[in-house]
Amino acid sequence: MMAERVIFDITNSKDYLNGDRDYYNGLAANCVELLDDLLILIERTPILKQLEYRYVNLLVMLRFVDVEYGYLKDIVDNLRRTKGQEICPVELLMHLKNYLVHIDSFIDYLDGFLEVLDEDGDIHCRFDRKAIQEFELINETRNQIHHESLPTVDYNHYSIASAHADLGARQEVYEIRFRWPLTKQPVDSIDLDTLLRTTKDAVTNQFEKVIMYLKSEMKNRL
């Protein structure tokens, strides 16, 4: 008879997340504290149990985003040393695709969580994904990679005049840039570092606003 051992059980979310509490709170401030509040609400209203599942899925998806972000950011941070020579283009594109898909899934998970909270928990938090700064960038880039074609990967090294030094000073720029030669509509090329910073910050900032609002609402109900 085969023995079954569950190694990831979101029905025991507090035990799972408490071991990585600082890590998750580092991804989004007070996100684990919001889970604490949710569990108290669920204990009083068991019908809301699926909120726990949905919220933990949300946090794990945020971790997926962070893992892919870390891989891609490490490439950017080491360009001065590697000059692009250590980059495996296929692996780079795989991680870029995963990163964008995970961000899109995170937004979907957040939307679904708030919908259930609204309908079953009578806690209303308006959420418009298009209110996320850079949402169109996330959506268009993900759609292009996921459904249309992979980009060309360019390594660029150039110097520009420094705005904070002597007039003769130059600043060295090292970048990985993506451009799409196979598109139905023109798609602007984009620098990897810019893509990473703007998308992750935009999603995290929106999530933290949701967390702050919900913690305030929970405080009035618990």
Side-chain angles (χ1 to χ4, degrees), residues 23 26-28 58-111 128-209:
Y23 169 78
L27 297 182
L58 184 64
L59 296 187
V60 173
M61 186 56 63
L62 188 59
R63 185 167 192 161
F64 288 179
V65 171
D66 185 60
V67 169
E68 298 297 345
Y69 174 88
Y71 175 91
L72 295 168
K73 192 66 169 65
D74 187 59
I75 289 175
V76 170
D77 291 343
N78 285 289
L79 277 179
R80 180 181 293 274
R81 175 182 61 80
T82 66
K83 296 179 172 55
Q85 295 178 1
E86 297 179 8
I87 294 172
C88 174
V90 173
E91 288 189 6
L92 171 63
L93 291 173
M94 178 186 70
H95 286 282
L96 176 66
K97 181 176 183 291
N98 288 343
Y99 172 74
L100 293 167
V101 169
H102 293 335
I103 279 193
D104 191 64
S105 295
F106 174 82
I107 295 171
D108 286 340
Y109 283 20
L110 179 57
D111 200 18
D128 179 3
R129 62 183 57 218
K130 292 185 178 180
I132 297 176
Q133 188 179 7
E134 307 297 345
F135 172 76
E136 291 302 325
L137 174 63
I138 296 169
N139 194 49
E140 290 176 6
T141 310
R142 185 202 72 90
N143 284 342
Q144 183 61 38
I145 291 180
H146 200 53
H147 300 295
E148 299 291 340
S149 68
L150 295 171
T152 293
V153 181
D154 298 328
Y155 164 71
N156 297 320
H157 171 214
Y158 55 92
S159 62
I160 59 175
S162 176
H164 304 290
D166 296 334
L167 292 178
R170 307 288 293 179
Q171 178 182 350
E172 298 296 309
V173 176
Y174 302 83
E175 69 174 12
I176 292 293
R177 198 162 194 89
F178 302 112
R179 54 188 174 85
W180 279 265
L182 300 176
T183 59
K184 296 176 181 178
Q185 300 292 333
V187 177
D188 292 338
S189 67
I190 187 165
D191 165 47
L192 175 58
D193 189 32
T194 301
L195 177 66
L196 292 174
R197 283 186 290 102
T198 56
T199 53
K200 189 168 187 289
D201 287 350
V203 170
T204 300
N205 290 341
Q206 187 68 24
F207 184 37
E208 288 181 340
K209 289 178 182 177

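These figures come from a predicted structure and were not determined experimentally.
Side-chain atoms of Ile138 and Val203, non-hydrogen and from C-beta on, do get closer than 4.5 Å to each other. Between Phe207 and Leu59 there is a side-chain heavy-atom pair separated by less than 4.5 Å. Within the 4.5 Å cutoff, the side chain of Val76 has no heavy atoms near those of the Leu72 side chain.
Note that the CD atom of Gln144 and the CZ atom of Phe178 stand 13.0 Å from one another [nearest 0.5 Å].
Residues that satisfy the ring pair (Phe, Tyr, Trp, His ring centres under 6.0 Å) test with Tyr155, not counting sequence neighbours, are absent from this structure.
Using modelled atom types, no side-chain atom of Asp104 and backbone atom of Leu100 make a donor-acceptor pair closer than 3.5 Å.
Considering all non-hydrogen atoms of both residues, Ala28 and Glu208 come closest at CA-OE2, 3.5 Å. Closest of all the heavy-atom pairs between Leu196 and Tyr99 is O-OH, 3.5 Å. Closest approach of Thr152 and Asp154 over heavy atoms only: CG2-OD1, 3.4 Å. Counting all heavy atoms, side chain and backbone alike, Trp180 lies closest to Pro151 at CE2-CB, 3.4 Å. Of all non-hydrogen atoms in Leu110 and Leu58, the two that sit nearest each other are N-CD1, 3.4 Å. Scanning all heavy atoms of the two residues, the minimum distance from Ile176 to Asp191 falls at O-OD1, 3.3 Å.
The aromatic rings of His95 and Tyr71 sit parallel to each other, their planes meeting at less than 30°, with 60° as the upper class boundary.
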